[in-house]
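In what follows, a single structure is set out as structure tokens and then discussed.
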Amino acid sequence: MSGGPSAPGPLSGSRRDPAGLLVAVGVLHALLFLASYALIASGPDLAASDGELAAFYASPGRRRLVLVGLYVMPFAGIAFLWFSMGLRGWLRAGALRAAELVWGLYLASSVLYVALFFCGAAATSVVALASEHARATPDPLLLREFPQFGGTLFRVFAMRMAAMFVFTTSRLGQLAGVVPRWYGRVGLVTGLFLLVSTSTGRWMVLVFPLWLLGLCAHLWRRRRAVPAP
């Protein structure tokens, strides 16, 4: 019989690989989201003429770029759900003093963020999908309204839920010792900007993925700080 506590090495090693995988999935979400959004939003500006809009959707090569973005976007959502749930388990171990309200907001904002940008992607690309299968050019009014509706879901509603995720993650990350205090302040500023900004420009969707990449960099450093077995 062996006396004394078991060595902590295997436990430390078991924590390293899941942490590295979590960081990889977070980076994957940011990259897939940015790439798919760029493709989905590659259509002409809403200020374009009816003829320019019709010509875009009548071109198989151009409208299929939108459809590629549409089919990539679900994988970005799956990656984010995996990342947020994995991060929740990591933070739970250290942020014991956090209120249940904060955990509830963290979980709800994660799910609503994905649901809203899924709806935004569907609305923005529905005209391209209809043109691909119906082989007919929709009414010019629909060519403007659906992308505008989808853009509103992306840049107004999804980004507000992203702001709540930034707030709660920054708070929980500081309590768990995963996020440094200065990056918690960056999260506060980022969340406030996403929450109160009145801009509807396409660049708005860049803010959250860039913040997420910064968070993943801090998680990676924390992961490397775990001692090897």
Side-chain angles (χ1 to χ4, degrees), residues 18-43 63-92 103-130 132 146-170 172-173 187 190-191 193-195 197 200-220:
L21 179 60
L22 180 68
V23 171
V25 173
V27 172
L28 181 65
H29 164 73
L31 297 180
L32 286 179
F33 179 83
L34 290 172
S36 56
Y37 179 80
L39 292 172
I40 288 172
S42 63
R63 69 171 180 253
R64 283 172 186 168
L65 289 176
V66 178
L67 298 180
V68 170
L70 175 66
Y71 287 109
V72 170
M73 190 62 85
F75 295 99
I78 292 169
F80 184 79
L81 290 175
W82 189 353
F83 171 79
S84 63
M85 295 302 104
L87 181 60
R88 181 176 181 269
W90 190 354
L91 296 176
R92 272 284 187 184
W103 288 112
L105 288 173
Y106 172 91
L107 183 60
S109 61
S110 302
V111 175
L112 286 173
Y113 164 68
V114 173
L116 286 167
F117 78 66
F118 275 2
C119 292
T124 305
S125 57
V126 67
V127 177
L129 192 63
E132 180 72 16
F146 274 110
Q148 187 172 16
F149 174 55
T152 301
L153 288 172
F154 265 120
R155 297 187 287 272
V156 178
F157 293 98
M159 290 302 105
R160 266 56 179 185
M161 292 301 101
M164 296 308 300
F165 181 83
V166 173
F167 285 140
T168 54
T169 304
S170 298
L172 295 171
T190 302
F193 176 78
L194 290 172
L195 192 63
S197 176
T200 57
R202 292 179 178 179
W203 59 270
M204 271 287 291
V205 301
L206 299 175
V207 177
F208 178 68
L210 291 177
W211 174 86
L212 184 61
L213 289 173
L215 174 65
C216 288
H218 287 293
L219 295 178
W220 178 256

In the structure I gave you, are the side-chain heavy atoms of F167 and Y106 within less than 4.5 Å of one another anywhere? no

Please identify each residue that fulfils side chain to side chain contact (heavy atoms under 4.5 Å, CB included) with L107, with sequence neighbours left out. M85

Donor-acceptor contacts under 3.5 Å from residues 71-84 side chains, at least two apart:
residue : atom : partner : partner atom : Å
S84     : OG   : F80     : O            : 3.1
S84     : OG   : L81     : O            : 3.2

Is any side-chain heavy atom of L212 closer than 4.5 Å to one of F33? no

If I compare all heavy atoms of V23 with all of C216, which pair ends up nearest, and what's the gap? CG1-O, 3.6 Å

Please list, chain by chain and in numerical order, all residues satisfying side chain to side chain contact (heavy atoms under 4.5 Å, CB included) with S170, sequence neighbours excluded. V166, W211

Rounded to the nearest 0.5 Å, what's the gap from CE on M164 to OG on S110? Could you check? 11.0 Å

Table please: side-chain donor-acceptor pairs of residues 117-130 below 3.5 Å, with sequence neighbours left out.
residue : atom : partner : partner atom : Å
T124    : OG1  : G120    : O            : 2.7
S125    : OG   : A121    : O            : 2.6

So which pairs with a foot in residues 25-36 pass side-chain hydrogen bond (donor to acceptor under 3.5 Å, both in side chains), sequence neighbours left out? H29-Y113

Interatomic distance, T168 atom OG1 to L91 atom CG [nearest 0.5 angstrom]: 9.5 Å

Run the side-chain contact (heavy atoms from CB on, under 4.5 Å) check on L219 and W90 step by step: do they pass? CA-CA 10 Å; L219 295 178; W90 190 354; 3.9 Å; yes

With a cut-off of 6.0 Å (strictly less than), are more than 12 heavy atoms of other residues, nucleotides or ligands near CZ of F157? no

Just to verify, what does R160 make a side chain to side chain donor-acceptor pair (under 3.5 Å) with, not counting sequence neighbours? none

Cation-pi check, R92 onto W103 ring (under 6.0 Å, within 45° of axis): yes

So which atom in V68 and which in L39 form the shortest heavy-atom distance, rounded to 0.1 Å? CG1-CD1, 3.8 Å

Can M161 and L116 be said to form a side-chain contact (heavy atoms from CB on, under 4.5 Å), step by step? CA-CA 9 Å; M161 292 301 101; L116 286 167; 3.6 Å; yes

ring-ring contact (aromatic ring centres under 6.0 Å, His included) partners for F146, two or more places apart: none

One should read off an interatomic distance between L70 CG and L65 CG, to the nearest 0.5 angstrom, of 12.5 Å

So M204 and F193, do their side chains get closer than 4.5 Å, heavy atoms only? yes

Inter-residue atom distance L210.CG - T190.OG1, 0.5 Å rounding: 9.5 Å

